[in-house]
Amino acid sequence: MGLHAFPEGPEHCAVYRRLAGGPPPLFGIEGGWNMPAARHRAVLSGDRPFRGVDHYVLTYHIGGAAVRRVDRPSFDRVARKGAISLQAPGSGGSFESGGRVEYGHLYFRQSLLCEIGDSLGLGVVAELDDFFALRDAACAEDISTYLRRAADRGDPPTAIEMDSRAYLIGLGLLRVVRYRLALVAAAGGDRARPPLARALELVEDRLGEPLRLSDLADAVGFSPFHFARRFKAEFGTAPAQYVMRRRTERAIELIRGSGGSLAEIAYRTGFASQAHMTRRVKALTGRTPGALR
């Protein structure tokens, strides 16, 4: 059994069975996975709230109708295909969809995040706060793959595979919270985000893809020249240097916290090659990727 595994079905599943009228397909309990998963198809009604449970509920919007979280007016975003939401332990919620929606749930405990944080040298990891309808391409891809593999009966995943994928998702969540939600909170919420916040979000979304200065400038409605000057004035570094540092930092997180090959990590973080990644990692930390791992 995994170190953080649930010995029986997550509490949220029992709550969902009562409110939604049937048991969800649940994966990973018998295998002792650290992140049991369930897939749902339902019409959600805001007058049928979910009570808080003793673990995290990570939601991935697979498709179907859009969803709103009606009990938190500050969450004014709408969840559509590819969106990610999180409910922290003890946090309930009311959700409403305009029709039938398909989504996946992943369940995990704070102890998993603490272990990941410890492996990265982050010290004590505070309990994450709820968020709703967040967009993060890398994290969404990891969650989508986890759900697909969980339900694969033709080539069933092993426990060690799903443990590795669970750690990768936990790592992604810590990254999302650290670099995106903290920025929003510091600015007083989504409605008061600083002018360059959308550009920083775009960097986080597309670290593994080619990025042009014009892409970042367009995201905030500036000309490339004005954007570059404004960015340097606010962050003390040029946009290209910031993007390269973020790619290197994410590569370091993956090297330390995942079991992926160095070539795969280089590809996922947008480097031209493994050798390119190695040079950048060594320049930032003084150690090679192999030494970090």
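Note: hydrogens, waters and symmetry copies are ignored here, and every other heavy atom, side chains too, is used. Residue numbers count from 1 along this sequence.
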Assigning hydrophobic clusters by single linkage (Ile, Leu, Val, Met, Phe, Trp, Tyr; side-chain heavy-atom cutoff under 4.5 Å), is [X] placed with [Y]?
X: Leu292; Y: Leu174; result: yes
X: Val243; Y: Tyr267; result: no
X: Ile255; Y: Met244; result: yes

Without placing hydrogens or testing angles, list every side-chain donor-acceptor pair under 3.5 Å for residues 276-284, not counting sequence neighbours.
from	atom 1	to	atom 2	distance (Å)
His276	ND1	Ala272	N	3.4
Thr278	OG1	Gln274	O	3.0

Assess, by modelled atom type and distance only, whether the side chains of His55 and Glu11 contain a donor and an acceptor separated by less than 3.5 Å. no
Go through the side-chain N and O atoms of Gln241 and Thr237 and say whether any donor and acceptor fall under 3.5 Å apart. yes
Residue pairs fulfilling salt bridge (Lys or Arg N to Asp or Glu O under 4.0 Å) with at least one residue in residues 88-111, sequence neighbours excluded: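 Salt bridge (Lys or Arg N to Asp or Glu O under 4.0 Å) check on residues 88-111 returns Arg39-Glu102, Arg41-Glu102, Arg68-Glu96.
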Please name all residues satisfying salt bridge (Lys or Arg N to Asp or Glu O under 4.0 Å) with Arg245, sequence neighbours left out, ordered by chain then number. Glu249
Run the salt bridge (Lys or Arg N to Asp or Glu O under 4.0 Å) test against Glu127 and tell me which residues pass, sequence neighbours left out. none
Can you sort out the partners of [X] under ring pair (Phe, Tyr, Trp, His ring centres under 6.0 Å), two or more places apart, ordered by chain and number?
X: Phe222; answer: His226
X: Tyr56; answer: Phe108
X: Phe227; answer: Phe231

Which residues share a side chain to side chain contact (heavy atoms under 4.5 Å, CB included) with Arg80, sequence neighbours left out: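 Side chain to side chain contact (heavy atoms under 4.5 Å, CB included) list for Arg80, sorted by chain: Ala66, Val78, Arg135.
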Qualifying residues under side chain to side chain contact (heavy atoms under 4.5 Å, CB included), relative to Asp163, sequence neighbours excluded: Asn34
Rounded to the nearest 0.5 Å, what separation is found between the [atom1] atom of [X] and the [atom2] atom of [Y]?
X: Phe6; Y: Ile29; atom1: CZ; atom2: CD1; answer: 7.0 Å
X: His61; Y: Leu134; atom1: NE2; atom2: CG; answer: 14.5 Å
X: Thr269; Y: Glu253; atom1: OG1; atom2: CD; answer: 10.5 Å
X: Ile116; Y: Arg256; atom1: CD1; atom2: CZ; answer: 14.5 Å
X: His4; Y: Met35; atom1: NE2; atom2: CE; answer: 10.0 Å
X: Thr145; Y: Asp152; atom1: OG1; atom2: CG; answer: 11.5 Å

Sub-3.5 Å donor-acceptor pair from the side chain of [X] to the main-chain atoms of [Y], do we have one?
X: Asp130; Y: Ala88; answer: yes
X: Tyr107; Y: Gly9; answer: no
X: Ser97; Y: Leu44; answer: yes

Which residues pass the side-chain hydrogen bond (donor to acceptor under 3.5 Å, both in side chains) test with Asp54, not counting sequence neighbours?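 side-chain hydrogen bond (donor to acceptor under 3.5 Å, both in side chains) check on Asp54 returns nothing, list empty.
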Holding to side-chain hydrogen bond (donor to acceptor under 3.5 Å, both in side chains), I want the full list of residues that pass it with Ser45, two or more places apart in sequence or in another chain.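 Result, side-chain hydrogen bond (donor to acceptor under 3.5 Å, both in side chains) vs Ser45: Asp47.
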For a side-chain contact (heavy atoms from CB on, under 4.5 Å) check, start with the C-alpha distance between Arg268 and Leu168, then their side-chain angles and the critical distance, and finish with the verdict. CA-CA 12 Å; Arg268 285 173 59 92; Leu168 195 60; 4.0 Å; yes
Evaluate the side-chain proximity of [Y] to [X]: yes if any heavy-atom separation is below 4.5 Å, no if none is.
X: Ser144; Y: Tyr60; result: yes
X: Val43; Y: Val101; result: no
X: Phe95; Y: Tyr103; result: no

Take Glu204 and Arg250, measure what side-chain contact (heavy atoms from CB on, under 4.5 Å) needs, and give me the verdict at the end. CA-CA 10 Å; Glu204 296 304 313; Arg250 185 179 293 184; 3.5 Å; yes
With a 3.5 Å cut-off and sequence neighbours excluded, list the donor-acceptor pairs that the side chains of residues 207-221 form with protein atoms.
from	atom 1	to	atom 2	distance (Å)
Glu209	OE1	Arg206	NE	3.2
Asp215	OD2	Arg212	N	3.0

Between Phe271 and Arg247, which heavy-atom pair has the shortest distance, and what is it?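 Looking at all heavy atoms of both residues, the closest pair is CE1-O, 3.7 Å.
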Check the orientation of His40 and His105. Use parallel for under 30°, tilted for 30 to 60°, and perpendicular for over 60°.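 The arrangement is perpendicular - the two ring planes meet at more than 60°.
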How far apart are the C-alpha atoms of Leu147 and Leu106, what are their side-chain angles, what is the distance that settles it, and do they pass the side-chain contact (heavy atoms from CB on, under 4.5 Å) test? CA-CA 8 Å; Leu147 289 167; Leu106 278 64; 3.5 Å; yes
